[in-house]
Amino acid sequence: VSSRKYTNIYTMEIQQIDFKMKIDLQGSLLALKEGESRAIPNKYVKPSGVRSSIKWLNQKGYSFTCTENGCFDYIIVTRLK
């Protein structure tokens with residue numbers, strides 16, 4: 001995530017802009033090899049978003065599992081098939 005500074009011409013204050021990056025979660029999950037596990041930090045994608053992507057991919061014929069047990073700020077995803 002990059003940021004740039006700009007000057008507000010009315011108050012002459014410098015403010016920081018945060019740019020958002022687009023994350024292709026389903027593409028990243030499909031790039032995993034069978035039997036491979038990865039941790040996805042919650043600051044990038046909410047766990048509910050990961051679970052819904054996994055549900056959608058499982059309906060399409062792929063096989064993924066995820067767990068948050070023992071994970072404070074990330075979710076672990078494993079590709080089974």
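As a basis for the values below, the full set of heavy atoms in this structure was taken, side chains included, without hydrogen atoms, waters or symmetry mates. Heads up: numbering here begins at 1 and tracks the sequence.
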> Applying salt bridge (Lys or Arg N to Asp or Glu O under 4.0 Å), which residue pairs with at least one partner in residues 58-81 are found, sequence neighbours left out?
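Passing the test, one end in residues 58-81: Arg51-Glu68.
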
> Tell me, which pairs form a side-chain hydrogen bond (donor to acceptor under 3.5 Å, both in side chains) where one or both residues lie in residues 24-42, sequence neighbours left out?
Glu36-Arg38, Ser37-Thr78

> With rounding to the nearest 0.5 Å, note down the distance linking OH in Tyr62 to CG in Leu29.
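So the gap between those two atoms works out to 11.5 Å.
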
> Taking all heavy atoms of Val50 and all of Leu25, pick out the closest pair and write down the distance.
CA-CD2, 3.8 Å

> Quick one: name the residues clustered hydrophobically with Tyr74, using the 4.5 Å side-chain heavy-atom rule over I, L, V, M, F, W, Y, and just say none if it's on its own.
Ile76

> Measuring only between side-chain heavy atoms, which start at C-beta, is Leu80 closer than 4.5 Å to Asn58?
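Counting from C-beta outward, Leu80 and Asn58 never come under 4.5 Å.
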
